[in-house]
Amino acid sequence: MAPRVRFAPSPTGYLHVGGARTALFNWLFARHTGGTLILRIEDTDFERSSEEMVEGILEGMRWLGLNWDEGPFYQSKRLPLYKETAAKILAAGHAYYCFCTKDELEQRRAAATAAGRPPMYDRRCRQIPREEAERRLAAGETAALRFAVPEGGSTSFDDAVFGKVEFANSEIEDFVLLRSDGIPTYHLSVVADDVDMRLTHIIRGADHISNTPKQVLQYRALGAALPIFAHVPLILGPDKTRLSKRHGATSVISYKQMGIVPEAFRNFLALLGWTPGQLKDANGKDREIFGSDELIQLFSLGGISKSNSVFDNDKLAWFNTEYIRAYPSEQLLPLIQEEWAKVGFTPTRSEQEITHAIDLLKPRARNLIDFATAFRAYFGDSFEVDPTAREKFLSGQVPELLRELGSRYAAATEFSEASAEALLRAFAEEKGLKAGALINGSRVALTGQGVAPSLFAVMLALGQERVVRRLSQIQ
RNA sequence: GGCGCUAUCGUCUAGGGGUUAGGACGUGAGAUUCUCAAUCUUAAAACCCGGGUUCGAUUCCCGGUAGCGCUACCA
């Protein structure tokens with residue numbers, strides 16, 4: 001039977017890094033096994049869910065290139081299923097009505113905590129006879145429906161990542177299935193949907209481990225077959241606490257905004273908490289760069305690690321530069337064009353010149369934004385000269401000499417890397433100067449930057465006309 | 001507090017009863033002198049602690065400690 005898995009985000013926030021990795025693992029697993037990935041929006045918390053967040057989540061998934069096969073299904077539109085499922089559990093004798101109000105429960109919880117007792121529900125409504133409950137309901141009283149957890153014994157499951165995990169039933173609360181307003185809680189809706197959607201594997205964050213026995217109990221009550229659970233350890237911030245806003249960017253989309261290439265982000269995320277094992281490259285080093293096809297081919301639940309991992313921005317930056325370098329410039333161009341559009345920049349060069357410049361710049365790019373900021377001079381004629389670079393390389397006589405050098409280039413009949421270099425070196429010698437001073441000055445005059453590829457390669461990428469103009473006009 | 005899970009360089013990780021404990025990112029040093037955010041070379045850097053089992057534990061077992069998660073009519 002082909003596996004069926006799901007990614008089930010709650011639209012109470014954007015798609016964050018942890019959710020994205022869960023989505024990625026589900027996607028890799030589905031693609032690897034030829035299974036089906038279902039997208040399900042868990043929006044039963046009407047207070048906190050929003051349509052806008054749903055769109056944000058979909059945008060994040062699209063950016064990462066994670067497509068799904070079924071859905072998106074919205075839990076808010078599947079309420080009848082949950083009521084029906086709850087009725088089944090009730091009919092099977094595994095649930096009861098609870099007339100305690102939220103306030104009462106809160107008070108009792110506070111009292112229990114103060115007295116040093118565990119703040120679990122005391123099961124008092126479990127004693128209410130069914131007929132009495134029905135009568136009170138008919139009389140207009142509202143009640144929540146709670147699951148009746150077995151008194152003794154334990155509930156366990158075999159996790160694909162963690163192995164056997166067991167909980168004493170005495171530790172499991174009689175949790176609420178249906179709130180008093182008839183809206184299901186998460187505990188019920190997940191199980192109802194996971195059963196209804198015939199899911200075979202549940203791949204989700206390890207923060208759900210403690211919830212799992214509650215779900216296992218419901219599967220049993222429903223007489224449904226248990227799926228395979230695979231809990232994925234959490235992603236932490238540099239201070240080893242759970243990754244959150246205070247660690248900086250946690251939204252996937254913010255990485256797009258930072259000029260990260262989606263494939264680089266995906267590669268980075270895949271290797272956070274998962275490893276294909278030892279795979280050596282030609283130099284005998286462990287491989288880390290994997291394209292999506294390779295990731296799909298290599299992925300397995302067994303490679304997921306059990307311990308939490310820290311999100312390392314430096315490593316992500318490294319993946320990003322690796323991908324930018326490896327991409328053919330034609331493939332990079334559309335991504336760069338987005339950056340240009342963002343800052344309202346329009347290139348004034350031919351497409352061929354642009355791809356050539358991209359190739360030249362790739363090794364020095366840190367992110368896609370560089371192509372719209374630091375590298376502007378290669379694609380158009382309006383650019384700023386970096387003040388630090390000016391101070392360092394355009395001091396004293398240099399600008400004047402560069403203007404003179406410009407007129408020499410204007411008079412040149414040949415313009416190749418070799419001839420451009422020969423001309424400059426001859427000029428430097430003529431003036432009794434080190435070529436380096438002129439080279440560095442020219443670099444700043446031509447690119448506005450103190451850092452750039454080899455100067456004569458830059459000259460060729462710019463063309464004779466621009467070289468002449470920029471050198472002649474430098475102040 | 002209770003319950004659950006986890007524990008190899010700063011970080012991501014490989015490995016596994018006997019290894020110089022491997023790689024990557026980052027960091028330090030050097031080279032290149034046409035800049036560096038490119039490239040090359042190079043260095044430092046880890047098995048949480050204590051007991052057991054064993055000829056031998058970083059690896060297996062137990063305990064401790066620490067971290068994380070859960071502890072809602074949130075998901």
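Because only heavy atoms are used, hydrogens play no part in the values below, and waters and symmetry mates are left out as well, while side chains stay in.
Taking atom C1' in both U27(B) and G67(B), one finds a spacing of 25 Å when rounded to whole Å. Atom P of G63(B) sits at a distance of 26 Å from the matching atom of G15(B), rounded to the whole Å. Taking atom C1' on both C36(B) and U11(B), the two are 25 Å apart, rounded to the nearest angstrom. For the C1' atoms, the distance linking A45(B) with G10(B) amounts to 9 Å, nearest Å.
To the nearest angstrom, P of C73(B) lies 16 Å from CZ of F99(A). Atom C1' of nucleotide C12(B) and atom CZ of R287(A) are separated by 17 Å, given to the nearest angstrom. Atom pair R443(A):CZ and U33(B):C1' shows a separation of 11 Å (rounding to whole Å applied). The CG-P distance, from N283(A) to A14(B), rounds to 21 Å in whole Å. Between the CZ atom of R390(A) and the C1' atom of U35(B) there is a distance of 17 Å, rounded to whole Å.
For K306(A) and C68(B), the shortest distance from a side-chain N or O to OP1 or OP2 is not below 4.0 Å.
Comparing U35(B), C73(B), C70(B) by their closest approach to the side chain of R364(A) singles out U35(B). Among C68(B), C25(B), C12(B), the nucleotide with an atom closest to any side-chain atom of V310(A) is C12(B).
Residue contacts for G273(A): at a heavy-atom cut-off of 4.0 Å it reaches the sugar-phosphate backbone alone, with no base atom in range. Nucleic acid contact class of H231(A) (heavy atoms, under 4.0 Å, all strands): none.
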